[in-house]
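Report on the following structure.
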Number of protein chains: 2
Amino acid sequence: MLAPKTMETTSADDGAESFGPRQTDVLQAALALLVEGGDKGLTTARLARAANCSKESLYKWFGDRNGLLEAMITYQASKVRIAALPRVKPSAEEFRHQLAGFASDLLTVLSGPTSLALNRLSIGEAGREGAQLGGLLIERGRRAIENRAMRLLDAGRDAGLIAFDNRDAAFNALYGLIVGDMHVRMLLGDAVPLIADASALDTQAARAVDQFWRLYGVAEETNPNTN
Amino acid sequence: MLAPKTMETTSADDGAESFGPRQTDVLQAALALLVEGGDKGLTTARLARAANCSKESLYKWFGDRNGLLEAMITYQASKVRIAALPRVKPSAEEFRHQLAGFASDLLTVLSGPTSLALNRLSIGEAGREGAQLGGLLIERGRRAIENRAMRLLDAGRDAGLIAFDNRDAAFNALYGLIVGDMHVRMLLGDAVPLIADASALDTQAARAVDQFWRLYGVAEETNPNTN
DNA sequence: CCAAACAAGTACCGTACGGTACGGTTCGGG
DNA sequence: CCCGAACCGTACCGTACGGTACTTGTTTGG
């Protein structure tokens with residue numbers, strides 16, 4: 001620490017912080033090591049060997065092991081950018097389809113090995129003093145999901161398809177119905193059957209969307225819910 | 001490893017495995033260290049100093065660092081045993097009250113510092129080969145929650161208050177509506193406002209129960225849901 | 001009253017990690 | 001052709017951890 005700090009590849013405030021191709025390869029190798037062996041599997045020596053680079057270069061590029069971990073989170077988050085909404089005023093079927101797509105994407109992302117590994121890393125490091133990885137993961141990963149969901153909810157309300165007073169509560173219900181406790185179970189290493197194959201995953205997504213629709217949908221036979 | 005293995009305090013299969021008072025104190029100190037400093041804060045030397053015992057005794061009692069961690073999980077799980085159901089055929093209000101109590105208890109337990117620390121520990125160790133802590137935590141911790149919820153659901157159905165085809169799906173919805181993504185956020189170190197004080201927690205619990213009731217409740221004006 | 005078990009405290013050992021330093025090599029620009 | 005920058009590979013250093021051994025009380029049962 002307290003190195004000369006060229007501050008060009010490790011600047012944390014730069015949103016569009018893009019790594020060179022060499023650093024990208026190194027980050028990819030680091031993610032592979034992390035997925036395979038967890039936190040303790042990712043050592044600087046192993047990474048240098050796996051990525052065919054020197055430890056000195058690692059410290060020059062990322063400054064610190066923590067800087068490397070932060071770069072991994074940022075890099076991975078930049079790789080799974082979620083697509084924006086296609087339209088602004090969807091029909092009921094379109095909207096339900098968008099909800100189902102969101103649910104399916106969410107489950108797919110959360111169950112991905114890289115996402116699980118990074119979440120395990122950040123969670124394992126949380127609870128201490130340093131502990132900025134968790135905040136970074138929330139900011140870079142969860143933020144995108146929340147934004148997409150919020151835009152989705154707004155679009156549905158603007159189209160008169162759903163109704164809610166508390167948008168955060170609606171998001172919480174949508175997220176909870178989709179994910180349940182499967183995320184934590186997967187983080188703990190449990191093999192969740194609903195995530196194993198794509199068909200079960202889509203079934204779970206469809207049921208969650210159906211339940212959310214019953215809670216917040218504005219239909220003709222039921223009263224407009226205001227929760 | 002491969003010590004003489006007296007196998008009386010570290011036997012993993014014994015469900016009623018109870019530690020002596022000395023071991024209990026040690027486990028309490030270990031939990032305190034874990035809560036304070038996370039995984040890396042709990043070292044054998046520090047624990048020995050904090051608990052006024054010798055490292056040798058630690059290894060004699062728990063065999064191994066992993067054995068100590070397993071004992072901590074088992075001990076903590078035995079301390080937060082959840083109360084059983086008071087009745088078998090509740091009225092509607094009683095049942096809703098029981099649901100609210102379950103929701104409140106669930107949020108209280110999950111947001112507890114010891115629970116968070118143990119979950120962080122198990123999650124951080126998951127993804128490797130050894131990795132039996134996650135399974136142990138699921139078995140000792142989540143199992144109890146799931147059992148209570150399942151008995152609750154069965155009681156509600158037997159009383160004609162709720163209806164469901166897929167009990168696992170109903171549990172997933174109940175759990176998801178109550179917890180949402182707050183557990184993972186707390187595990188990541190985020191300060192979740194809905195958990196900060198008891199009133200916000202109860203509000204969240206009440207809304208979740210309300211939503212669950214709208215999904216699965218058998219009321220007079222709405223159709224009996226069969227999802 | 002004594003011996004055997006038990007446990008605290010400390011010292012110790014091997015290892016593995018984060019981080020640094022250095023020599024050799026490649027490569028692009030002048 | 002040369003120079004300097006970047007970088008690989010490796011060796012090295014200090015530290016901190018898990019686990020073991022040993023010494024000194026202290027309890028306890030016969």
Side-chain angles (χ1 to χ4, degrees), chain A residues 1-10 19-30 33-34 36-72 121 124-125 128-133, chain B residues 1-10 19-30 33-34 36-72 121 124-125 128-133:
Chain A
M1 53 196 84
L2 264 300
K5 279 281 184 187
T6 58
M7 268 295 180
E8 53 184 0
T9 56
T10 61
F19 307 98
R22 191 77 183 92
Q23 282 91 329
T24 294
D25 292 349
V26 170
L27 290 175
Q28 200 81 37
L33 281 179
L34 185 70
E36 185 187 355
D39 181 21
K40 302 180 57 173
L42 176 63
T43 70
T44 54
R46 251 197 286 263
L47 175 58
R49 175 161 296 274
N52 286 326
C53 71
S54 71
K55 287 174 64 176
E56 199 170 11
S57 300
L58 291 181
Y59 287 101
K60 175 180 293 189
W61 293 333
F62 307 105
D64 199 340
R65 183 174 193 266
N66 232 306
L68 170 70
L69 302 180
E70 296 175 14
M72 289 167 64
L121 174 71
E125 236 199 13
R128 285 197 283 275
E129 289 309 315
Q132 71 266 40
L133 259 58
Chain B
M1 54 195 80
L2 265 300
K5 280 282 183 186
T6 58
M7 267 296 180
E8 54 185 359
T9 58
T10 61
F19 307 98
R22 191 76 184 95
Q23 283 91 327
T24 293
D25 293 347
V26 171
L27 290 175
Q28 199 80 36
L33 281 179
L34 185 70
E36 186 187 354
D39 181 22
K40 301 180 57 172
L42 176 63
T43 69
T44 54
R46 252 197 285 263
L47 175 58
R49 174 161 298 273
N52 285 328
C53 72
S54 68
K55 287 174 64 175
E56 197 169 13
S57 300
L58 292 181
Y59 286 101
K60 175 179 293 187
W61 292 333
F62 307 105
D64 196 340
R65 184 174 193 265
N66 231 307
L68 171 69
L69 302 180
E70 295 175 15
M72 290 167 64
L121 174 71
E125 236 200 13
R128 284 197 282 276
E129 288 310 314
Q132 71 266 40
L133 259 58

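Every chain is numbered from 1 and lettered A, B, ... according to where its sequence line falls, protein lines coming before strand lines. Just so it is clear, the structure is predicted and the values come from calculations on it, not from any experiment.
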Proximal nucleotide (of dC17(C), dG18(D), dG19(C)) relative to the R65(B) side chain =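 It is dG18(D).
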Whole Å only: how far is the [atom1] atom of [X] from the [atom2] atom of [N]?
{"X": "K40(A)", "N": "dA16(D)", "atom1": "NZ", "atom2": "P", "result": "17 Å"}
{"X": "Q23(A)", "N": "dA6(D)", "atom1": "CD", "atom2": "C1'", "result": "12 Å"}
{"X": "Y59(B)", "N": "dC22(D)", "atom1": "OH", "atom2": "C1'", "result": "17 Å"}
{"X": "L68(A)", "N": "dC17(C)", "atom1": "CG", "atom2": "P", "result": "15 Å"}
{"X": "E125(A)", "N": "dG18(C)", "atom1": "CD", "atom2": "C1'", "result": "13 Å"}
{"X": "D64(B)", "N": "dC17(D)", "atom1": "CG", "atom2": "P", "result": "17 Å"}

Chi angles and distances behind the side chain to side chain donor-acceptor pair (under 3.5 Å) call for E125(B), Q132(B) = CA-CA 9 Å; E125(B) 236 200 13; Q132(B) 71 266 40; over 6 Å; no
Grab the two heavy atoms, one from [X] and one from [Y], that are nearest each other, plus how far apart they are.
{"X": "F19(B)", "Y": "T24(B)", "answer": "O-OG1, 3.7 Å"}
{"X": "Y59(B)", "Y": "R65(B)", "answer": "CE2-N, 4.4 Å"}
{"X": "A131(B)", "Y": "R128(B)", "answer": "CB-O, 3.5 Å"}

Readout for nucleotides 7-14 of chain C: B = base within 4.0 Å of protein heavy atom, S = sugar-phosphate only, - = neither; 5' to 3' it is SBBS----
Can you pull out how bent the helix from dC1(C)-dG30(D) to dG30(C)-dC1(D) is, comparing the axes over its first five and last five pairs, to 10°?
->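 So the angle between the two local helix axes works out to 10°.
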Should E70(A) and F62(A) count as side-chain neighbours, where that means a heavy-atom distance under 4.5 Å?
-> no
Check whether any side-chain heavy atom of D64(B) lies under 4.5 Å from a side-chain heavy atom of L69(B), and answer yes or no.
-> no
Distance from K60(B) atom NZ to S54(B) atom OG, nearest 0.5 Å?
-> 8.0 Å
Determine whether more than 12 heavy atoms belonging to other residues, nucleotides or ligands lie under 6.0 Å from atom CD of Q28(B).
->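 Counting neighbours around CD of Q28(B), more than 12 heavy atoms of other residues, nucleotides or ligands fall under 6.0 Å, so yes.
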Can you list, pair by pair, the side-chain donor-acceptor contacts under 3.5 Å of residues 41-52 of chain A, counting residues two or more places apart and other chains?
| unit_1 | atom_1 | unit_2 | atom_2 | d |
| --- | --- | --- | --- | --- |
| T43(A) | OG1 | R46(A) | N | 3.1 |
| R46(A) | NE | G41(A) | O | 3.0 |
| R46(A) | NH2 | K40(A) | O | 3.4 |

Are any of R46(A)'s side-chain N or O atoms less than 4.0 Å away from OP1 or OP2 of dC17(C)?
-> yes
